[in-house]
Protein chains: 2
Amino acid sequence: MSVSQPVRPPRRRAPRNSLNPDRILDAAVLLLDRDGPEAFTMRALAEQLGVGTMAVYSYFKGKDEINDAVAQRLLDTIELPPGGSADPGSELREVCRGVYRLFTEHPSALQLLTLRAVRGDDAIIVIDRMLGLLRRTGLAPDEAARAHIVLMQYTVGSALWRIRRERALCEEGARERLRAKLDALPAGRYPALAALAPELMCAQGEGTALYEAGLDAMLRGLLPVR
Amino acid sequence: MSVSQPVRPPRRRAPRNSLNPDRILDAAVLLLDRDGPEAFTMRALAEQLGVGTMAVYSYFKGKDEINDAVAQRLLDTIELPPGGSADPGSELREVCRGVYRLFTEHPSALQLLTLRAVRGDDAIIVIDRMLGLLRRTGLAPDEAARAHIVLMQYTVGSALWRIRRERALCEEGARERLRAKLDALPAGRYPALAALAPELMCAQGEGTALYEAGLDAMLRGLLPVR
DNA sequence: ACCTGAACACCGTTCAAGT
DNA sequence: ACCTGAACACCGTTCAAGT
């Protein structure tokens, strides 16, 4: 009787010593952005790298440490506008747009940020830049601090809302189900919603333009009138 | 040799037919709020109910359906202010505060909302109420729709930011580590951040007051001047 | 109809072993 | 030092069985 070979995963083995933290993080970002965070497993990561599951543990203590490192790396790629503009308000606007762009282009960054704990050294360059600009618009120290946090909260919430909606609409027949629900709305009980349903659907689809509308409103309300 | 009894989990069995969807959802909310979403497992839920793991499946198709039902139930508990006030702007403010309060009092609601897909019939009463008030302030239909979404985005982002921070600060020595990081900040490289560190820490701790500061700013920028 | 325990296919991680 | 496979303690869920 011939001894059958054990079933081997059809995986090209990477040569020894070809692994390193950077290659691991590249693969992690790829998987996260392509398949979403729930599909990001240590086994999938190793598979992507062409390596045994436990090889990654030689470079990172565990999954938490990888999540941390991915978040750090992504936050560092936020594109900032050139400094020294005459108008701190519009420069501030550009910084916020840069943060928003990262989160919508890398949905994984957002999900990671909602999962892992806050660290003191996240995106310090961005924070410093925003605080400086807020001070230059004439805000007092405590007002500038509050304005910064509130702007980041809106930016994160806006990106999260958008990602969630786009993920949901990808599902089979989601668009039709949503429309059917809106059409079946009892206009007597929810008059305003029934009347504004088309406008709501339209506004939801505006994406970045909608974010900017809210951002401009918030800046108008936050910054001193000049 | 005496036959040893199999190891039984020390769980009081609930009497037959005592289970129902409401009791299941009560237990789910309890676990979610007390131990956080990562500790909310089907096995823990059954244990809490004093029942075998699979009993819950007689009432819900699976965990997703339970998540959905919990989110629905929590969104329905949002407290709305009495209607018919003369000032739609301040009534709108109250509605937003109500939404914020739900999310900070039930962190689980927020986490569920970021996980599960958007459904058309989430908190319709709240949406209808907000849209009506926005129209009464004098906004055009498309402006009201945009304002509503943007206000919800800020509210969700603000609550998420706060929950995240409070969860992180619960961890052992987190406060000290954060302070150490802020003290070690190179003031030459990050002058604005180094100067405003105390104000930032203070503002982060303000909680609801900080949310309201941002909400008022956003409403100022959003609503027509009267 | 309501509820059970065993089993299956996953997951992150520990451990002893191989090069 | 770098990497491996087996094993452990989890997870959600399927299934056949019991009442």
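Because the structure is a prediction, the values reported are computed rather than measured. In what follows, chains carry the letters A, B, and so on, assigned in the order in which the sequence lines appear, proteins first and then strands, with residues in each chain numbered from 1.
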From CZ of B:Arg43 over to P of C:dC3, roughly how many Å is that when rounded to an integer?
18 Å
If I take atom CG in residue A:Asn20 and atom C1' in nucleotide D:dC2, what distance separates them, rounded to the nearest angstrom?
13 Å
Picking from D:dT4, D:dG12, C:dC2, which would you name as closest to the side chain of B:Ser58?
C:dC2
If you count every heavy atom of other residues, nucleotides or ligands that lies below 6.0 Å from A:Arg175 atom CZ, does the total exceed 12?
no
Assess whether atom CD of B:Glu79 is packed by more than 12 heavy atoms of other residues, nucleotides or ligands within 6.0 Å.
no
Please state whether the phosphate of D:dC3, meaning OP1 or OP2, lies under 4.0 angstrom from any side-chain nitrogen or oxygen of A:Tyr59.
yes
Which atoms form the tightest heavy-atom contact between A:Ile24 and A:Leu45, and what is the distance?
O-CD1, 3.9 Å
Separation between CG (A:Leu151) and CE (A:Met218), nearest 0.5 Å, reads 6.5 Å
Under 4.0 angstrom, heavy atoms only, what part of the nucleic acid is B:Phe60 near: base, sugar-phosphate, or nothing?
nothing
Are A:Lys63 and A:Phe40 close enough, and set up right, to give a side-chain contact (heavy atoms from CB on, under 4.5 Å), and what steps lead you there?
CA-CA 10 Å; A:Lys63 204 183 182 187; A:Phe40 175 57; 3.9 Å; yes
Output yes when A:Asp122 and B:Lys181 qualify as a salt bridge under the 4.0 Å nitrogen-oxygen rule, no when they do not.
no
Between P of D:dT4 and CG of A:Asn17, the distance in whole Å:
11 Å
Taking NZ, NE, NH1 and NH2 as the nitrogens, is one of them in A:Lys61 or A:Asp68 under 4.0 Å from a carboxylate oxygen of the other?
no
In terms of the nearest nucleotide of DNA chain D, which residue is placed more toward the 5' end: A:Met54 or B:Met54?
A:Met54
Please tabulate, one pair per line, each protein N/O and nucleotide N/O from nucleotides 17-19 of chain D that are separated by under 3.5 Å, including the distance.
| residue | atom | partner | partner atom | Å |
| --- | --- | --- | --- | --- |
| D:dG18 | N2 | B:Arg16 | NH2 | 3.4 |
| D:dT19 | O2 | B:Arg16 | NH2 | 3.4 |

Note: contacts of residues 35-42 of chain B with DNA chain D (heavy atom, under 4.0 Å) are B:Phe40, B:Thr41, B:Met42
Hey, mind stepping through B:Arg34 and B:Gln48 against side-chain contact (heavy atoms from CB on, under 4.5 Å) and telling me if it holds?
CA-CA 12 Å; B:Arg34 200 189 55 191; B:Gln48 174 70 30; 4.3 Å; yes
A:Val51 has a side chain; which of C:dC2, C:dG12, D:dT4 sits nearest to it?
D:dT4
Does A:Arg179 have more than 12 heavy atoms from other residues, nucleotides or ligands lying within 6.0 Å of its CZ?
no
Kindly compute the distance separating CG (B:Leu32) from CG (B:Leu110), expressed to the nearest 0.5 Å.
11.5 Å
Pairing pattern in dot-bracket form [Watson-Crick, G-U; both distances under 3.5 Å; | = partner strand] for DNA chain C
||.|||||...|||||.||
Could you state the atom-to-atom distance from CG of A:Asn67 to C1' of C:dC11 in whole Å?
14 Å
Nearest-angstrom distance from the residue atom CD of B:Glu47 to P of D:dG12:
14 Å
May I have the distance from A:Glu65 (atom CD) to C:dG12 (atom P), rounded to whole angstrom?
15 Å
For atom CG of A:Leu45 and atom C1' of D:dC3, their distance in whole Å:
15 Å
Nearest 0.5 Å please: distance from the OG1 atom of B:Thr208 over to the CZ atom of B:Arg162.
4.0 Å
I need the B:Tyr154 OH to A:Trp161 CH2 distance, nearest 0.5 Å.
15.0 Å
Given atom CG of A:Asp64 and atom P of C:dC11, what is their separation to the nearest angstrom?
17 Å
Taking the nucleotide of DNA chain C with the nearest heavy atom to each, does B:Pro15 or A:Tyr57 sit closer to the 5' end?
B:Pro15
